[in-house]
Each structure stands twice: as structure tokens, then as C-alpha cells.
Visitor: 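Pasting a structure here, questions to come.
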Amino acid sequence: QVQLVESGGGSVQAGGSLRLSCVVSGYTYSRICVAWFRQAPGKEREGVATIAADDSTTYPDSVKGRFTISKDNAKNTLYLQMTSLKPEDTAMYYCAVSVYGWCSYKTSDYGYWGQGTQVTVSS
């Protein structure tokens with residue numbers, strides 16, 4: 001089975017940093033897109049970063065310049081470096097693997113999801 005396990009979440013004050021990790025087993029990063037999503041209570045799940053097989057990345061305006069996605073194919077590990085965190089970044093963060101060979105922010109394009117790791121940013 002394909003399994004994704006996130007870690008690295010926690011509580012941090014506004015302006016702080018966190019690095020999330022996602023270990024993927026039973027799947028390869030080659031020629032697919034891997035992404036980070038987040039979901040706050042009462043809100044839709046939204047994509048915050050994607051990275052393709054060629055290591056090209058995308059970010060929505062809400063996190064651009066603050067978040068950095070990267071991956072280590074040899075370790076089958078995905079990372080999300082978050083800096084200058086804001087209270088509005090508070091959410092459950094999920095890593096996901098696309099069932100297609102392209103990147104998007106549509107949850108329906110991702111067939112495999114982790115259990116999530118909580119990020120709480122206080123003011």
C-alpha cells in the first residue's frame with residue numbers, strides 16, 4: 001500500500017519557522033507531482049505548494065516567498081519549509097501524491113494523502 005506520513009508540526013509564535021516532512025512508501029516520486037495542502041476548521045482544503053518530477057515548484061500568493069517545498073527522491077521524503085508564519089497559517093497540513101503526471105491545486109487530482117500534522121501559529 002502507498003502510505004504518506006507527515007511530521008514536524010507544532011506550535012510556534014507568529015514570525016517563527018517550522019519544517020514539515022512527509023515520508024512516502026510504496027510509491028516513487030519519478031514523473032509525478034507531490035504537494036502540500038492545508039485545511040483550517042470550517043475552510044476548504046487548499047494547496048500551498050507543489051513540486052514536479054523536474055523539481056519545478058508552484059505556490060499560491062498566500063504563501064509565496066514564505067514557504068519552500070523540496071524533496072529528496074533517494075529518501076522518498078517531501079519537505080515544506082515554512083518561515084514568517086502568520087496566525088492564518090494555522091491548519092492541519094497534509095502531503096499528497098498526484099495520480100497524474102502534472103501538478104495542480106485540485107484535491108481530486110491527488111489519490112494518496114497523509115494523516116496530517118497540525119501547525120498552530122499564535123500571535
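Position 1 is the first residue of the sequence; numbering continues from there.
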Visitor: Side chains of Thr50 and Thr58: donor-acceptor distance under 3.5 Å anywhere?
Guide: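 Distance-only check passes for Thr50 and Thr58.
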Visitor: Is there a path from Tyr93 to Tyr112 through hydrophobic residues (I, L, V, M, F, W, Y) whose side chains come within less than 4.5 Å of each other?
Guide: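 As far as the 4.5 Å side-chain criterion goes, Tyr112 and Tyr93 are connected within one cluster.
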Visitor: Let me confirm one number: the OG-CG distance from Ser70 to Leu78, rounded to the nearest 0.5 Å.
Guide: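 CG of Leu78 is found 7.0 Å from OG of Ser70.
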Visitor: Of the non-hydrogen atoms in Val63 and Val48, which two are nearest, and what is the gap between them?
Guide: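 Where Val63 meets Val48 most closely, the heavy atoms are CG2-O, 3.2 Å.
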Visitor: Measure from NZ or CZ of Arg45 to the centre of the six-membered ring of Tyr94, then state whether that distance is under 6.0 Å and the direction lies within 45° of the axis.
Guide: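 Because its charged atom sits under 6.0 Å from the ring centre and within 45° of the axis, Arg45 does stack over Tyr94.
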Visitor: Can you check whether Asp89 reaches Arg66 side chain to side chain, under 4.5 Å on heavy atoms?
Guide: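 SC-SC contact between Asp89 and Arg66 confirmed.
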Visitor: Nearest 0.5 Å please: distance from the CD atom of Gln13 over to the OG1 atom of Thr120.
Guide: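 That separation rounds to 13.0 Å.
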Visitor: Start with the C-alpha gap between Ser7 and Thr117, add the side-chain angles, then the distance that decides, and say whether side-chain contact (heavy atoms from CB on, under 4.5 Å) holds.
Guide: CA-CA 6 Å; Ser7 63; Thr117 186; 5.6 Å; no
Visitor: Tell me which one of Thr57, Val24, Ile51 satisfies side-chain contact (heavy atoms from CB on, under 4.5 Å) with Lys71.
Guide: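 It is Ile51, the one option of Thr57, Val24, Ile51 that forms the side-chain contact (heavy atoms from CB on, under 4.5 Å) with Lys71.
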Visitor: Of all the heavy-atom pairs spanning Pro87 and Ala14, show the shortest one and how long it is.
Guide: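 For Pro87 and Ala14, the tightest heavy-atom pair comes out as CD-CB, 4.2 Å.
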Visitor: Can you sort out the partners of Phe37 under ring pair (Phe, Tyr, Trp, His ring centres under 6.0 Å), two or more places apart, ordered by chain and number?
Guide: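 By the ring pair (Phe, Tyr, Trp, His ring centres under 6.0 Å) rule, Phe37 matches Tyr110, Trp113.
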Visitor: Taking all heavy atoms of Ser17 and all of Ser84, pick out the closest pair and write down the distance.
Guide: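 Minimum heavy-atom separation between Ser17 and Ser84: OG-N, 4.4 Å.
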Visitor: Answer with yes or no whether the side chains of Asp72 and Thr77 bring together a donor and an acceptor at under 3.5 Å.
Guide: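 No, no side-chain donor-acceptor pair sits under 3.5 Å.
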Visitor: Quick one: CD on Glu6 to CH2 on Trp36, what's the gap to the nearest 0.5 Å?
Guide: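 Glu6 CD to Trp36 CH2: 5.5 Å, rounded to 0.5 Å.
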Visitor: Just verifying a value: how many Å separate Arg19 CZ and Gln81 CD, rounded to the nearest 0.5 Å?
Guide: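 The distance works out to 7.0 Å.
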Visitor: Would you call Lys64 and Asp61 a salt bridge, using N to O less than 4.0 angstrom?
Guide: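 Result for this pair is yes, salt bridge flagged.
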Visitor: Roughly how far apart are Met92 CE and Arg38 CZ, rounded to 0.5 Å?
Guide: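 With rounding to 0.5 Å, CE (Met92) is 14.0 Å from CZ (Arg38).
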Visitor: In chain order, what residues pass the side-chain contact (heavy atoms from CB on, under 4.5 Å) check against Val12, with sequence neighbours excluded?
Guide: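 Val12: side-chain contact (heavy atoms from CB on, under 4.5 Å) contacts with Leu18, Leu85, Val121.
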Visitor: Could you pull out the closest heavy-atom pair between Leu4 and Gln115, with the gap in Å?
Guide: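 Where Leu4 meets Gln115 most closely, the heavy atoms are O-OE1, 3.5 Å.
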Visitor: With heavy-atom distances below 4.5 Å as the criterion, would you say the side chains of Val97 and Val2 are in contact?
Guide: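 No, side chains not in contact.
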Visitor: Kindly state each residue pair satisfying ring-ring contact (aromatic ring centres under 6.0 Å, His included) with at least one member in residues 50-87, sequence neighbours excluded.
Guide: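 Residue pairs passing ring-ring contact (aromatic ring centres under 6.0 Å, His included), neighbours aside: none found.
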Visitor: Considering non-hydrogen atoms only, spot the tightest contact between Pro60 and Ala49 and give its length.
Guide: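 For Pro60 and Ala49, the tightest heavy-atom pair comes out as CD-N, 4.4 Å.
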Visitor: How far does OG1 of Thr90 sit from CD of Glu88, to the nearest 0.5 angstrom?
Guide: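 It is 8.5 Å, given to the nearest 0.5 Å.
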